[in-house]
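The sequence lines fix the lettering, A, B, ..., with proteins before strands; numbering per chain opens at 1. Computed from a predicted model, the values in this text were never measured in an experiment.
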Amino acid sequence: MSLQVDGAARGGADVPSGGGGGGDGARRRPRSRVRGRPQLYTSYAADQAIWNTPAKRAWTLALVAAVLVLPFLLSRDLTSLLTTVFIFAIGGIGLNLITGYAGQVSLGHAFFMGLGAYTAAVFGGESTDRVVGLGLDMAIWLPLAGIVPAVVGLVVAPLAARVRGLYLAILTLGLVFIGEHVFKEARSITGGAGVGRAPAEPVLFGVDLSGRYHLFGYILSREDVFYFVCFAIFLVMAIAARNLTRSKLGRAFAAVRDRDVAAAVMGVSLRRTKTLAFTISSFYAGIAGALLVLVIGRVTPTSWNLFLSIDFLAVILIGGIATISGSILGAMFVVLMPRLVSELADVVPFISTSPGTGVFSVFQLQTMLFGALIVLFLVLEPRGLYGLWVRARNYWKAWPFSH
Amino acid sequence: MTDAPLLEVADLTLRFGGMTAIDQVSFSVDPGELFAVIGPNGAGKTSIFNCLSGVYRPQAGSMRFGGEELRGRRPDNIARLGMARMFQNIELFENLTVLENLMLGRHQHLRYGTLSALVYAGRAKRSEIENRRVVEDIIDFLEIEAIRRSLVGMLPYGLKKRVELGRALAMAPRLLLLDEPVAGMNVEETEDMARFILDIRTELGVTMIMVEHDMGLVMDIADRVLVLDFGQHIALGPPGQVQSDPAVIKAYLGEAS
Amino acid sequence: MTSSKARGMVAAFGVVALVAAGCAVDDDDGEPDDPGTVEEDPDDPDDPPEDEPDGLAFDLGVTEEACPAGVNPDNGCIYLGVLSDLSEGPFAALAIPITAGQEAFWQRVNEDGGIGGFDVDISTYTRDTLYDPQEHSARYREIEPNVLALAQTLGTEPTEAILSDMDSDNVIGAPATWWSGWHFEDADQGLILESGYSYCIESQIGLDWVSGNVAPPSSVLAVGYPGDYGGDSAAGVEAWAEANDAEFVGWVETAPDAVVGSQDAAIGQVVGSGADVVMLAVGPAEAAAIVGGSMANGFEGQFLGSVPTWNPALLGSPAADALKAAYLHIAPWEGWEADTPGHEAMRETVGDNLPDNEGFIFGWVWSYPIKAALEAAVANEDLTRAGLRSVVDGLQVDYEGMLPDATFGGDRDESAIRTAVINRPDDDAALGVTPVEAGVTGETADAFEYTAPCA
Amino acid sequence: MTELISSGLIRGLGIGSTYALLAVGFVIIYRATGVINFAQPALMILGAYFTSVFATSVGVPFPLAVLAAMAVLAVIGLATERVALRPMVGKQPFAAAMVTVGVFIVLFVVAHRLIGAQVRTVGDPWGLERASLFGVSVAQVDLAKIVISLFAIAIVGLFLTRSRLGLAMRATSMDQEVALAQGVNVGRIFGLAWAISAALAALAGMLIGTAAGGFEAVVALVALKALPVIIVGGLDSIKGAVYAGLFIGVAEALTRTYQPQYAAWLGANFDVVVPYVIMIIVLVFRPYGLFGTREVERV
């Protein structure tokens with residue numbers, strides 16, 4: 001057997017023919033797999049697919065079906081809450097790409113989200129005597145809401161690529177503060193502090209998403225419509241991110257994170273990789289910001305602050321660093337946990353629901369739990385909810401021989 | 001071009017503050033050669049590698065690789081010229097699998113853009129599968145099929161070294177720098193590694209520079225040896241000749257006594 | 001939660017083609033223009049419309065069951081929502097007593113027999129929104145299906161965040177803010193039932209009073225937070241200066257201490273301006289810092305403070321002496337000890353337990369218009385949201401003497417309230433301030449052409 | 001000229017020395033444990049709260065109240081290190097820093113609950129009094145900030161360079177393993193770093209709480225200004241923290257005094273972001289701050 005390393009290197013895209021290893025070409029991809037052996041792959045393509053086991057496929061299909069049915073079962077405010085989960089998942093995936101995968105700690109996520117929200121508002125909002133708005137379709141303003149923050153990320157990246165670790169964290173914190181100042185002052189775009197402006201109009205391909213629609217005899221409320229739109233956007237962006245992370249770029253991110261010197265010696269350009277991570281992450285943040293204000297109903301300059309960035313760090317820390325599904329779990333947790341706490345507040349004795357009494361108010365309890373959970377997860381399960389899930393799955397797999 | 005040396009180092013000088021780590025060192029390596037650099041601790045061996053791969057910026061001298069000057073280039077740029085490296089203290093990506101580590105070695109050979117990666121179809125998918133095949137060949141060559149999917153962090157030391165060699169090979173280098181490839185290994189592991197190194201030279205024709213403390217190994221397999229002490233050139237020549245050089249004996253005995 | 005399985009399956013299949021389907025069967029009832037003919041969401045499974053046998057129609061937010069903590073067990077229950085700043089937001093110090101004042105107000109209403117056979121409950125759907133538009137909107141969506149109207153929505157900006165939702169849901173509400181926009185239907189869709197003057201009128205009356213009782217100022221300065229609070233107030237100052245040939249030195253935009261760290265910047269500009277009168281539209285701690293700091297740096301002008309600038313705790317701060325010397329507080333109605341039936345009833349509800357500050361009075365007064373609207377809707381036998389919304393135009397409100405009677409809708413240039421009370425800090429007064437003069441009106445304020453929001 | 005000295009230099013040095021005090025607290029923890037303590041703002045406001053309780057509610061003489069508050073905070077710092085940070089030893093600095101973010105969130109809520117919605121005062125003796133310095137009238141509180149902060153920093157400096165424990169701390173910051181080998185109890189050093197840092201935060205909280213209108217819990221966020229200070233100075237340099245703190249304080253005060261007049265286009269309250277602008281400019285030229293140590297890459 002001869003190794004074709006040199007040939008492949010010189011030839012670039014040339015395919016070494018007849019290589020060993022048991023792969024049989026991308027063109028003839030066998031559809032069947034040996035029954036009952038989910039880990040046996042008969043082609044590299046099958047091995048590299050996202051849903052590479054029947055279990056994963058079944059789970060994903062079941063989840064998607066559940067997600068599609070849910071709004072018909074839930075009240076409108078819960079539907080809205082789930083929409084927020086999708087949006088937080090998009091933002092969380094964005095932050096996980098840069099901080100989880102590429103290891104560049106960013107406290108500046110809120111800034112890029114704000115940029116996205118204002119880009120959307122300018123291109124998709126209505127013009128008033130106070131603020132400018134072009135009133136374009138969502139098919140135009142949504143991509144722009146990602147692209148403009150991405151371009152700004154591209155501009156900031158060269159500086160960010162120069163500083164490391166906690167220096168970078170504080171540098172990006174500076175972005176949030178300077179950004180907040182700019183947002184407050186750019187009144188024709190943002191409406192100014194304490195005033196704000198209406199977000200972009202959700203009109204997609206001429207269809208007003210804030211209206212009610214009949215669907216097979218069922219009335220879709222504006223919350224339902226928006227839920228499905230956000231779910232579709234989320235699905236596309238989550239799959240794209242998953243693709244990215246299993247590509248050479250995803251590996252380069254991890255390499256830069258774990259050992260940047262070794263990565264460079266392997267031919268990974270640190271500057272290019274960090275810049276790319278910044279740009280893509282900002283794109284995701286921008287989309288999340290633009291969608292988030294649609295749920296909120298108003299864009300205000302002070303919303304894009306340090307605490308929003310911390311929320312997203314919590315999404316990835318609690319969900320799971322460097323996993324896409326972790327980002328989604330984290331988004332669910334961060335968005336739904338406060339609601340759960342307030343539902344439980346009536347049961348728990350020392351929590352006050354009326355103002356100014358009790359040991360802690362509901363909000364304070366939510367916030368404290370949030371902080372305490374960040375600490376607990378980092379100390380006890382650094383892989384977050386995703387890690388817990390993996391543990392549970394392994395336990396289940398080994399059952400009944402677990403202990 | 002065919003007769004020209006693959007690597008020519010001339011008057012290489014590296015200083016840290018007041019200390020001179022490498023002092024006007026010159027040598028050249030021919031295509032297909034297995035070149036060794038030896039010397040006591042602190043002699044500047046690893047520093048030479050760090051200069052060659054662009055991690056350190058030497059103050060003076062030149063390093064020509066296949067006709068290209070290396071000084072002033074970034075590490076990733078040098079890697080793309082065809083230089084690969086194993087590290088003294090293993091520098092694998094421990095949170096990734098063996099497969100992913102080896103695929104990282106293929107980084108520069110995977111040619112597709114970000115957009116293609118996001119869709120993961122067409123060019124990106126094709127390129128991944130083609131290069132996966134190359135990596136699988138290396139996995140066969142190094143006999144590490146069984147640990148393909150293991151996280152590198154969980155592997156024993158000897159296997160980690162082998163994976164690191166595999167990662168360097170995956171880059172399809174013209175010049176391979178081996179920084180103490182058998183340090184800390186038992187006799188059996190050492191012999192495996194020696195066999196792989198010899199196979200790489202004969203089967204793949206890759207030029208290598210090796211820094212090593214195991215004198216026996218160096219004397220057995222190296223074509224020529226460069227001896228350094230305190231960053232200075234002491235001797236250069238075939239193993240037998242260097243072994244009997246009085247300056248070399250003095251440097252080593254001085255250290256031993 | 002009663003959707004059938006079949007429907008869910010069909011929908012799951014169908015939503016993939018959502019856009020196409022939506023296009024095909026679009027019936028546009030999302031944005032009703034005429035509040036009188038709005039059809040309620042007929043398919044909302046949680047709250048099917050009901051009709052009481054005696055002919056009173058009601059739907060969302062009204063139940064035949066008694067309130068959880070109702071006074072009259074035989075009454076039904078009207079649920080009102082409260083969206084306020086109850087723990088960590090910048091106006092929590094005021095908002096907590098405001099909410100307490102509203103609780104007391106509705107408790108009294110219930111004790112008097114309720115409204116049309118219903119008790120009113122505001123505590124079940126009281127939510128803390130931290131003066132944050134996002135929180136405000138999220139909490140609004142949470143409670144909206146269960147409330148008839150909002151007893152309180154605090155803050156101009158947070159309220160604006162939910163205004164378009166309120167419009168499509170037909171939810172009216174009482175604000176906890178004095179923005180001039182609430183006077184105008186273009187700005188609030190006729191959904192917000194405000195009480196008293198606006199910040200814009202407030203600063204004009206204040207300046208008129210100083211002009212008549214202290215000395216006519218030749219230069220005036222506005223200091224305030226950015227946005228509708230400070231902006232409204234500053235617009236009033238500017239309008240006053242223009243009408244009275246005084247110099248409008250400018251609007252110093254400052255921000256809460258939490259944002260700017262200290263008020264040193266504002267102090268520097270106040271001292272540098274040399275203005276005769278400075279109108280403050282900030283928070284209490286900030287107002288004290290500015291008054292104290294400016295005087296310590298040699299400033300000798302007069303300070304006027306908008307309603308939210310006062311807190312009795314300031315009398316214990318280092319700035320107390322400065323405040324007593326140079327600060328006057330403007331309020332839309334009289335303070336704690338005033339002699340009106342409304343004030344008397346309010347004092348009765350707390351006995352000897354004084355509230356922390358005047359917020360209690362604000363909450364109390366702000367509740368009258370909602371009460372009037374509920375009564376009018378009951379009289380029309382239509383306690384649906386649409387029915388409630390339809391009574392707002394032309395609604396007459398009796399404030400039991402705490403404010404002059406008010407009428408909603410119509411020409412606001414005529415009907416908007418333009419009276420104020422001038423207070424001064426006083427260690428011996430119940431909530432730290434004593435009225436200097438009540439029922440104050442001003443020439444400039446009266447003549448002000450009030451046809452659109454000031455800011 | 002009077003304005004330049006009184007509201008520019010003196011006030012700038014006053015707030016700057018408070019930043020320096022906070023920044024030194026950050027640096028001490030960073031040097032000992034490699035962690036940026038994002039909980040510092042919450043510790044600071046708790047310090048202001050306890051000073052206020054001791055001085056105004058309990059009625060202890062002011063200097064004693066300050067010392068008592070510092071002691072309480074030292075204990076809180078010690079406990080925080082023990083409970084939340086000790087398990088993170090040996091893990092990534094980023095993870096440990098995020099733990100302090102969690103701690104911040106919890107302590108900040110506690111501070112809010114304790115302080116309540118009302119305005120509190122620390123009960124300081126300076127109030128709005130003024131003093132004459134070389135013929136220029138300056139606020140006493142500004143002088144107090146400068147004198148107290150620099151005095152406290154000097155004592156910490158002496159402790160680090162002269163005392164046995166201080167030397168052990170320095171050894172630990174240079175190389176934990178070597179320190180361990182020399183018999184230094186590294187765990188105790190970590191605790192000590194947190195205690196000192198929290199006590200300094202308490203002192204800074206008292207100084208921040210002297211505002212004429214009193215203080216509220218949200219004022220804690222002012223402590224974040226110490227972050228650009230430590231970046232400009234270099235994360236591991238106490239000297240850098242002091243110089244950068246004073247420099248940024250003065251730059252901020254001068255901006256505050258003159259920017260509304262001469263550069264109004266930069267917008268209202270531009271002084272608030274001046275520390276971050278300075279930080280970014282410094283990082284462009286020196287990625288490790290003015291006095292920070294560059295990490296040496298070893299492979």
Side-chain angles (χ1 to χ4, degrees), chain C residues 85-97 225-226 250-269 271-272 282-298 309 311-314 316-323 356-357 359, chain D residues 3 6-8 11-12 14-15 18-19 56 108-109 111-113 116-130 137 139-142 208 210-225 252-253 255-261 264 267-272 275:
Chain C
D85 179 8
L86 299 175
S87 60
E88 299 187 358
F91 290 103
L94 269 177
I96 292 171
Y225 293 161
W251 175 20
V252 174
E253 273 186 62
T254 183
D257 284 340
V259 177
V260 295
S262 75
Q263 297 300 319
D264 289 349
I267 292 167
Q269 291 180 69
V271 175
V282 293
E286 291 79 2
I290 292 169
V291 174
S294 303
M295 291 186 65
N297 279 282
T309 55
N311 186 319
L314 296 181
S317 77
D321 289 340
L323 287 167
D356 283 340
N357 57 49
Chain D
E3 190 186 37
S6 145
S7 57
R11 187 157 299 158
I15 190 66
T18 317
Y19 293 162
T56 63
F108 195 38
V109 172
H112 262 290
R113 185 66 196 121
Q118 300 298 334
V119 174
R120 282 199 87 101
T121 49
V122 287
D124 60 283
W126 308 292
L128 292 161
E129 300 298 316
R130 298 183 75 80
S137 163
Q140 281 188 10
V141 67
D142 289 331
I208 295 276
T210 53
F215 69 92
E216 299 159 279
V218 275
V219 173
L221 299 181
V222 171
L224 291 175
K225 294 257 182 73
E252 200 184 84
T255 311
R256 183 180 287 159
T257 312
Y258 295 107
Q259 177 259 336
Q261 260 171 286
N269 304 313
F270 179 73
D271 53 298
V272 174

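With a 4.5 angstrom heavy-atom cutoff, C/Gln263 does not touch chain D via any of its atoms. In this structure, chain C has heavy atoms under 4.5 Å from both the backbone and the side chain of D/Val218. For a residue to count as touching a neighbouring chain, one of its non-hydrogen atoms must lie under 4.5 Å from one of that chain's; by this rule C/Ala92 touches chain D with backbone and side chain alike. Contact of D/Glu216 with chain C is made through the side chain alone, with heavy-atom distances under 4.5 Å. In this structure, chain D has a heavy atom under 4.5 Å from the side chain of C/Asn357, while its backbone stays farther away. Of the two parts of C/Glu253, the backbone and the side chain both hold a non-hydrogen atom closer than 4.5 Å to a non-hydrogen atom of chain D. The parts of C/Asp264 that come within reach of chain D are both its backbone and its side chain, each placing non-hydrogen atoms under 4.5 angstrom from that chain.
Chain C forms more heavy-atom pairs under 4.5 Å with one residue of D/Ile208, D/Ile15, D/Leu128 than with any other, namely D/Leu128. No other option in D/Pro260, D/Gly127, D/Gly267 has as many heavy-atom pairs under 4.5 Å with chain C as D/Pro260. Residue with the most contacts toward chain D among C/Ala322, C/Ala255, C/Ala319: C/Ala319 (heavy-atom pairs, distance under 4.5 Å). Ranked by heavy-atom pairs under 4.5 Å with chain D, the list C/Asp257, C/Asp321, C/Asp356 is led by C/Asp356. Among C/Ile290, C/Thr254, C/Asp85, the residue with the largest count of heavy-atom pairs under 4.5 Å with chain D is C/Thr254.
Here the closest non-hydrogen pair linking D/Asp271 and C/Ala265 is OD1-CB, 4.5 Å. D/Arg130 and C/Asn297 get closest at one heavy-atom pair: NH2-OD1, 3.2 Å. In terms of heavy-atom proximity, C/Phe91 sits nearest to C/Tyr225 at CZ-CE1, 4.3 Å. In terms of heavy-atom proximity, D/Gly213 sits nearest to C/Ala288 at CA-CB, 3.6 Å. Nearest heavy-atom pair across D/Asp142 and D/Arg11 is OD2-NE, 3.4 Å. A pairwise comparison of heavy atoms in C/Ala285 and D/Gly214 identifies CB-O, 4.5 Å as the closest pair.
Rounded to the nearest 0.5 Å, atoms CG (D/Leu224) and OH (D/Tyr19) are 10.5 Å apart.
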Q: Quick one: do D/Tyr258 and D/Gln261 satisfy side chain to side chain contact (heavy atoms under 4.5 Å, CB included)? Show the steps, please.
A: CA-CA 5 Å; D/Tyr258 295 107; D/Gln261 260 171 286; 4.2 Å; yes
